[in-house]
Asker: 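Please see the structure below; I have some questions.
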Amino acid sequence: MTGRTVIIADFTGYSLVELESPSMIELMDWTQVPLEQGSPVRSSITVSDENEFMLTIWTGAGTLGIFMTSSAEPTQGTMEYPQHPTSLSVDYPYIVALLPNNTLEIHSMEGLSIVAVLSCPTTLQASLLSFNIGGYLIPSTRNQAVQLVTTPLIPPPPSPTKPKSPPISP
């Protein structure tokens, strides 16, 4: 929900609801192929900016991430995922997708390119993402005790180093 607009999903598609009117506009189907009974593929709506949503569209071979404003206008380009995300989270300037193969695929909001793919431990059995300003909580095994530590999702770039001055000749 952004402002006075809500996007909802039903069994087949997405709709935009204007809360002041009230009115509803059907937007698009969230799957381009018929789903089998018990399919794990589900619709996904993520607020990506103050007046912008990202919707997922299952193609049968992968998933597209479509961005649109709260007035149903398309905005930036389309993201592509090799599998349908189990969960999505926006932690500006990144969009993080948890994929069924137990990886986190991290895209930049500026340019939509992949900036990292991280493998989750198989024992984690991750199923949901949430954003956390300043980092994510992950298990740590210091002294064989499990503790939660805050860590940035992507480490900051290294500090620039000063170029070495050439030796002075006598």
Side-chain angles (χ1 to χ4, degrees), residues 1-3 5-17 24-139 150-157:
M1 177 172 160
T2 61
T5 306
V6 176
I7 292 189
I8 59 171
D10 61 17
F11 293 109
T12 60
Y14 295 110
S15 296
L16 185 134
V17 178
M24 186 167 81
I25 302 166
E26 291 184 9
L27 297 175
M28 64 187 80
D29 288 344
W30 57 263
T31 182
Q32 295 179 349
V33 295
L35 295 176
E36 296 177 15
Q37 184 74 17
S39 171
V41 175
R42 301 284 181 257
S43 59
S44 183
I45 305 164
T46 303
V47 176
S48 53
D49 202 353
E50 186 176 335
N51 287 307
E52 183 182 70
F53 298 93
M54 184 178 112
L55 313 173
T56 58
I57 310 294
W58 171 241
T59 65
T63 295
L64 302 175
I66 310 289
F67 295 88
M68 64 178 42
T69 66
S70 56
S71 56
E73 297 293 323
T75 58
Q76 45 187 315
T78 302
M79 294 179 61
E80 294 184 44
Y81 295 102
Q83 299 175 310
H84 191 73
T86 304
S87 184
L88 291 167
S89 179
V90 174
D91 192 0
Y92 193 84
Y94 304 108
I95 296 178
V96 183
L98 174 61
L99 300 179
N101 65 357
N102 222 25
T103 60
L104 295 174
E105 192 169 289
I106 304 163
H107 289 249
S108 167
M109 290 284 293
E110 296 139 8
L112 306 180
S113 60
I114 295 176
V115 294
V117 176
L118 307 174
S119 294
C120 297
T122 53
T123 55
L124 184 58
Q125 298 181 0
S127 62
L128 185 64
L129 292 174
S130 178
F131 73 92
N132 178 23
I133 296 173
Y136 288 83
L137 297 176
I138 60 172
T150 302
T151 182
L153 186 59
I154 298 178

Asker: State, to 0.1 Å, how close E105 and P82 come at their nearest heavy-atom pair, and which atoms those are.
Answerer: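 The pair with the smallest heavy-atom distance is OE1-CD, 3.5 Å.
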Asker: For S108 versus Y94, what's the shortest heavy-atom pair and its separation?
Answerer: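 Nearest heavy atoms, S108 then Y94: CA-CD2, 4.4 Å.
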Asker: I'd like to know whether M109 forms a side-chain contact (heavy atoms from CB on, under 4.5 Å) with Q76, so could you lay out the CA-CA distance, the side-chain angles of the two residues, the decisive distance to 0.1 Å, and finally the verdict.
Answerer: CA-CA 9 Å; M109 290 284 293; Q76 45 187 315; 4.2 Å; yes
Asker: Hey, what do you get for CG (N51) to OG (S71), rounding to the nearest 0.5 Å?
Answerer: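 That separation rounds to 8.0 Å.
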Asker: If you measure from CG on L104 to CG on L99, what distance do you get to the nearest 0.5 Å?
Answerer: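 Rounded to the nearest 0.5 Å, the CG-CG separation comes to 8.0 Å.
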Asker: Give the minimum heavy-atom separation between T75 and M68, together with the two atoms involved.
Answerer: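 Taking T75 first and M68 second, the nearest heavy atoms are OG1-N, 3.9 Å.
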Asker: For the OH atom of Y81 and the CD1 atom of I114, what is their distance to the nearest 0.5 Å?
Answerer: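 Those atoms lie 8.5 Å apart.
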Asker: Which distance, rounded to the nearest 0.5 Å, do you find between the CG of L55 and the CG of L27?
Answerer: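 Separation between the atoms: 7.0 Å.
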Asker: Please indicate whether M24 has more than 12 foreign heavy atoms, meaning atoms of other residues, nucleotides or ligands, lying under 6.0 Å from its CE.
Answerer: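 No - once you tally the heavy atoms of other residues, nucleotides and ligands closer than 6.0 Å, there are 12 at most.
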Asker: Would a 4.5 Å heavy-atom cut-off, applied to side chains only, mark I8 and Y14 as touching?
Answerer: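 In short, these two side chains do not touch, never coming nearer than 4.5 Å.
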Asker: What's the shortest heavy-atom distance between I66 and I57, and which atoms?
Answerer: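 Minimum heavy-atom contact is CG1-CG1, 3.6 Å.
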Asker: What distance do L112 atom CG and M79 atom CE have between them, rounded to the nearest 0.5 Å?
Answerer: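 Rounded to the nearest 0.5 Å, the CG-CE separation comes to 6.0 Å.
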Asker: Search all heavy atoms of S119 against all heavy atoms of T103 and return the closest pair with its distance.
Answerer: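 Scanning both residues completely, I find the closest heavy atoms to be OG-CG2, 4.1 Å.
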Asker: Give me the atom names and distance for the closest heavy-atom approach of W30 to G13.
Answerer: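 What the structure gives for the nearest pair is CD1-N, 3.3 Å.
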Asker: To the nearest 0.5 Å, what is the distance between OG1 (T63) and CH2 (W58)?
Answerer: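 Result: 5.5 Å between the selected atoms.
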Asker: Would T69 and E52 satisfy side-chain contact (heavy atoms from CB on, under 4.5 Å), going step by step from the backbone distance to the final call?
Answerer: CA-CA 4 Å; T69 66; E52 183 182 70; 5.6 Å; no
Asker: With side chains defined as the heavy atoms from C-beta onward, is the minimum distance between L64 and E80 less than 4.5 Å?
Answerer: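 L64 reaches E80 side chain to side chain.
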Asker: Apply side-chain contact (heavy atoms from CB on, under 4.5 Å) to residues V90 and L88 and explain how you reach the verdict.
Answerer: CA-CA 7 Å; V90 174; L88 291 167; over 6 Å; no
Asker: May I have the step-by-step check of side-chain contact (heavy atoms from CB on, under 4.5 Å) for T46 and S44, ending in yes or no?
Answerer: CA-CA 7 Å; T46 303; S44 183; 4.2 Å; yes
